[in-house]
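Remarks on the structure that follows.
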Amino acid sequence: MTKTRGNHKVSDVIADTAKQLQITQLIIGHPGMTRWQEIWNGSIVNELLKKIGVIDIHIIALQESQDRQT
């Protein structure tokens, strides 16, 4: 199941907004999905890469080991 906002896919909303505002760089957090979840549901990162063209995407990694220790 792909994430939606109203009846729009989240990746569409982000891509359209970035194009309208002439964004040159986009910073997003890495979705906390397993590989199987990405295969089954699709990846917002992959969807964005297909849709945004020349905009740079920076993906911030999760720091799972520190978060789970506390």
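This chain uses plain numbering: 1 for the first residue, then up along the sequence.
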Heavy-atom distance under 4.5 Å between the side chains of Ile23 and Thr17, does that happen here?
no

Taking the side chain as every heavy atom from C-beta outward, state whether Ile44 and Val10 have any pair of such atoms under 4.5 Å apart.
yes

With a sphere of 6.0 Å drawn around CD of Gln22, does it hold more than 12 non-hydrogen atoms of other residues, nucleotides or ligands?
no

CD1 (Ile52) and CD (Glu47) are apart, to the nearest 0.5 Å, by 12.0 Å

Thr24 and Ile55: CA distance, side-chain angles, deciding distance, side-chain contact (heavy atoms from CB on, under 4.5 Å) verdict
CA-CA 5 Å; Thr24 59; Ile55 299 172; 5.9 Å; no

Where the side chain of Lys19 meets the backbone of Lys51, is there a donor-acceptor pair that is under 3.5 Å apart?
yes

Atom CD1 in Ile14, atom NE2 in His8: separation rounded to 0.5 Å?
13.5 Å

Are Leu48 and Leu26 side-chain neighbours, meaning at least one heavy-atom pair lies under 4.5 Å?
yes

